[in-house]
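Letters A, B, ... are given to chains in the order of the sequence lines, protein chains preceding strands, and every chain is numbered from 1.
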Number of protein chains: 2
Amino acid sequence: MRDLLAITKALADSNRIRILTMLRAGELCVCQIVEVLGLAPSTVSTHLSILYGAKLVESSKRGRWVYYRLADPHASALVSDCIEWVIRSVENDETIEEDREKVARVISVCPEELCRTSNQS
Amino acid sequence: MRDLLAITKALADSNRIRILTMLRAGELCVCQIVEVLGLAPSTVSTHLSILYGAKLVESSKRGRWVYYRLADPHASALVSDCIEWVIRSVENDETIEEDREKVARVISVCPEELCRTSNQS
DNA sequence: TCCTCATTTCGACATATAACGAATTATAAC
DNA sequence: GTTATAATTCGTTATATGTCGAAATGAGGA
């Protein structure tokens, strides 16, 4: 029950749903997500920690940046089924569509922007 | 997004999860659910209205009693997939097991109890 | 070493939510 | 009609949650 509630509570916020669906595009670092959502970095960090606590996302630190991605589907069927369900549920949502475009822009257009997107190390 | 959030918020509470899984047994009236959860009738009624607003449950009034049941699977694939996911998620949960037994008792043992279980009209 | 910057943690505040009892509504029995 | 009762709605209270800015943490680069 505890795990279930961690997941459902994590999903009970529109910004966290947006983050989750944004991560379909692959790994994103915190500052990229901040850019898309337009929230304070501290707020986004809190959202990510809630998603992380529910095991809906994983993270890796590379240099100064922390990258978040959707949880490995092999880790838990319940989690991956749930993520798939969320993705299906937001089809045709306007905000989600806008986010998708913003993510594409943030990933490609920003080479040495505030957040150097693909800088390894 | 609105529908999705109505559902995830509805699922983000342990008592509502308990109600939802209790309804696997079939229709239950409010007073039966009150009996199992041990909450005030007004509280249970509020929980049910939240589940109803998310279209996770349906209801029918018969006489003075209002019966609630899980939403018709034909109504929405998203909703029924979600209910199935919840059911799978609570397998082996202690509280849920206890609820199942309480429900069985409440359904069968109470003929002219506080809530006459199967009284039509 | 010291500085810069991405991220997290902390403290504060506003809003949302769960719970209750009291009052209200609706239906049936008398 | 009047009464009894199942359920809902309302008002209140306590707790949880989302948000921010400021301070702390941690990893590179000068």
Side-chain angles (χ1 to χ4, degrees), chain A residues 2 5-20 27-54 57-69 106 110 112-121, chain B residues 2 5-20 27-54 57-69 106 110 112-121:
Chain A
R2 208 156 147 200
L5 281 175
I7 293 175
T8 55
K9 281 172 186 283
L11 297 179
D13 177 272
S14 63
N15 287 318
R16 289 195 291 270
I17 296 288
R18 291 174 67 187
I19 292 175
L20 218 49
E27 283 190 331
L28 293 174
C29 73
V30 181
C31 56
Q32 293 175 314
I33 299 172
V34 166
E35 191 64 25
V36 174
L37 294 183
L39 294 173
S42 59
T43 303
V44 170
S45 184
T46 302
H47 283 312
L48 286 165
S49 78
I50 290 169
L51 290 169
Y52 186 85
V57 302
E58 300 168 351
S59 69
S60 14
K61 187 163 196 170
R62 288 207 294 282
R64 267 175 292 186
W65 292 272
V66 178
Y67 289 85
Y68 284 87
R69 59 183 173 280
V106 164
C110 112
E112 38 262 338
E113 192 90 18
L114 254 162
C115 197
R116 296 99 193 159
T117 309
S118 356
N119 267 11
Q120 311 289 105
S121 93
Chain B
R2 209 156 146 197
L5 282 175
I7 293 175
T8 56
K9 281 172 186 283
L11 298 179
D13 177 272
S14 62
N15 287 318
R16 288 195 291 270
I17 296 289
R18 290 174 68 187
I19 292 175
L20 219 49
E27 284 190 330
L28 292 174
C29 72
V30 180
C31 56
Q32 292 175 314
I33 299 172
V34 165
E35 191 64 25
V36 174
L37 294 183
L39 295 173
S42 60
T43 304
V44 171
S45 184
T46 303
H47 282 312
L48 286 165
S49 79
I50 290 170
L51 290 169
Y52 186 84
V57 302
E58 301 168 352
S59 70
S60 15
K61 186 163 196 170
R62 288 208 293 281
R64 266 175 292 185
W65 292 273
V66 178
Y67 289 85
Y68 284 88
R69 58 183 174 279
V106 165
C110 111
E112 36 263 337
E113 192 90 18
L114 253 163
C115 196
R116 298 96 190 161
T117 309
S118 356
N119 266 13
Q120 310 289 106
S121 87

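At least one side-chain heavy atom of B/Y68 sits under 4.5 Å from a side-chain heavy atom of B/V30.
Nucleotide D/dA6 holds its C1' atom 14 Å from the CD atom of B/E35, rounded to whole Å. Summarising the geometry, the separation between CG on B/L48 and C1' on C/dA18 is reported as 14 Å, rounded to the nearest angstrom. When the C1' atom of D/dA16 is taken as reference, atom CG of A/D13 falls 13 Å away, rounded to whole Å. Straight-line distance from the CG atom of B/L39 to the P atom of C/dA18: 12 Å, rounded to whole Å.
A sub-4.0 Å separation between OP1 or OP2 of D/dT8 and a side-chain N or O of B/Y68 is present. Under 4.0 angstrom from either OP1 or OP2 of C/dA19 there lies at least one side-chain N or O belonging to B/H47. Distances shorter than 4.0 Å separate some side-chain N or O of B/S45 from OP1 or OP2 on D/dT8. Considering only side-chain N and O atoms, B/R16 lies under 4.0 angstrom from the phosphate OP1 or OP2 of C/dA18. Phosphate proximity of D/dG26 to A/K61: absent, as no side-chain N or O sits under 4.0 Å from OP1 or OP2.
Listed nucleotides: C/dC20, D/dT5, D/dA7. Nearest to the side chain of B/W65: D/dA7. Minimum atom distance to the side chain of A/R64 is reached by C/dC5, of the listed C/dA18, C/dC5, C/dA19.
Interatomic distance, A/L11 CG to B/L5 CG, rounded to the nearest 0.5 Å: 9.5 Å. To the nearest 0.5 Å, atom CD1 of residue A/I17 and atom OG1 of residue B/T8 are 5.5 Å apart. Separation of atoms CD (A/E58) and CG (A/L51) is listed at 12.5 Å; rounding is to 0.5 Å.
For B/L39, the side-chain contact (heavy atoms from CB on, under 4.5 Å) partners are B/N15, B/L37, B/T43, B/V44, B/H47, not counting sequence neighbours.
Applying the 3.5 Å distance criterion, the base of C/dG21 shares a donor-acceptor pair with the side chain of B/S42.
Comparing A/I50 and B/T43 by the nucleotide of DNA chain D whose heavy atom lies nearest to each, the residue mapping closer to the 5' end is B/T43.
An end-to-end axis angle of 20° holds for the helix from C/dT1-D/dA30 to C/dC30-D/dG1, taken from five base pairs per end and rounded to 10°.
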